[in-house]
Structure formats: structure tokens, C-alpha cells
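No experiment lies behind these values; they were computed from the predicted model shown. Reminder, nothing fancy here: chain letters follow the sequence lines and each chain counts from 1.
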Amino acid sequence: MKDFADNVRSVVRQIPKGQTATYGTVAAMAGKPGAARAVGTIMKNNFDPTVPCHRVIRSDGKIGEYNRGGPEAKRKLLESEGAI
DNA sequence: ATAATGACGTGAT
DNA sequence: AATCACGCCATTA
């Protein structure tokens with residue numbers, strides 16, 4: 001494919017463990033500042049396990065959504081990694 | 001190709 | 001602090 005989605009996945013893959021990034025930040029890293037919503041859309045359709053999409057949270061500090069068990073599972077994972 | 005949707009973000013109320 | 005309204009962009013119907 002080679003589009004914004006691939007770029008976003010690459011960026012998210014680089015997020016270190018125990019650390020989190022906001023959708024807006026990821027979008028900016030991918031080269032599309034302001035495309036936070038698009039990042040969410042992409043993540044929703046992303047099923048690649050090499051991409052720690054659970055490290056991506058909202059800029060308000062909220063967890064956001066997750067397609068692998070809901071926001072609760074996501075929060076649990078983040079706490080398990082030390083990203084409190 | 002157009003319209004509607006949603007793992008967001010910021011500003012106004 | 002909480003809620004409402006508008007904008008933003010990729011995806012889906």
C-alpha cells in the first residue's frame with residue numbers, strides 16, 4: 001500500500017515500551033499534523049501485532065478506544081508496561 | 001464520485 | 001471542571 005496508514009504503523013512501532021504517544025503526535029510524526037482522527041481510523045483497521053497501537057492515547061490523557069478488548073484492556077496493558 | 005462515520009483535538013459555553 | 005459545537009482526515013457504504 002505505501003500510504004499514510006503504513007507510515008503511521010511504522011511510527012507507532014517505534015514507540016518505546018513504557019511510553020505512550022498521542023494520536024496527534026503520531027499523525028505529526030507520520031507527516032500529517034492534524035490527522036489525529038485519521039490515525040484512529042487506521043488503528044481501528046490495523047491488526048498488525050508488530051504495531052503496539054495500545055501505546056497510542058488521547059491528548060487529553062484519556063485512554064481512547066481499542067479493538068482488542070476495549071479501553072479497559074488497553075489501560076491494563078499500559079500499566080503492565082509501566083506507562084502510568 | 002458523494003455522503004456518512006469515527007480508536008481525535010481545540011475552542012467556546 | 002464539564003459539556004457542546006466545529007474542524008480534520010482516512011475509511012467505508
Set out, line by line, the N/O atom pairs under 3.5 Å between protein and nucleotides 9-13 of chain B.
{"from": "B:dG9", "atom 1": "OP1", "to": "A:S59", "atom 2": "N", "distance (Å)": "3.2"}
{"from": "B:dG9", "atom 1": "OP2", "to": "A:S59", "atom 2": "N", "distance (Å)": "2.9"}
{"from": "B:dT10", "atom 1": "OP2", "to": "A:S59", "atom 2": "OG", "distance (Å)": "3.4"}

When we call it a touch if two heavy atoms are under 4.0 Å apart, what does A:K32 touch: a base, just sugar-phosphate, or nothing?
sugar-phosphate
Verify the cluster assignment for A:L77 and A:I63: are they in a single hydrophobic cluster under the rule of side-chain heavy atoms below 4.5 Å apart?
no
Under 4.5 Å between side-chain heavy atoms, counting indirect links through other Ile/Leu/Val/Met/Phe/Trp/Tyr residues: same cluster for A:V56 and A:L78 or not?
no
By salt bridge (charged side-chain N to carboxylate O under 4.0 Å, His left out) - contacts of A:D60 (at least two apart)
A:R58
How close do A:A73 and A:Y66 get, heavy atom to heavy atom, and via which atoms?
CB-CD2, 4.5 Å
Could you tell me whether the side chain of A:S10 and the main chain of A:D6 form a donor-acceptor pair under 3.5 Å?
yes
Under a criterion of less than 4.0 angstrom to any heavy atom of chain A, what are the 5'-terminal and 3'-terminal contacting nucleotides of DNA chain C?
C:dG7 to C:dT12
Which part of the nucleic acid, if any, lies within reach of A:A27 when heavy atoms closer than 4.0 Å are counted: base, sugar-phosphate only, or nothing?
nothing
Just to verify, what does A:E79 make a salt bridge (charged side-chain N to carboxylate O under 4.0 Å, His left out) with, not counting sequence neighbours?
A:R75
Just the rounded figure in Å: distance from C1' of B:dG6 to OH of A:Y66.
18 Å
d(CD, A:E65; C1', B:dA7) in whole Å
6 Å
Can you list the residues that meet the salt bridge (charged side-chain N to carboxylate O under 4.0 Å, His left out) rule with A:E81, with sequence neighbours excluded?
A:R55
Output all residues satisfying side chain to side chain contact (heavy atoms under 4.5 Å, CB included) with A:K32, sequence neighbours left out; order by chain, then residue number.
A:F4, A:A35
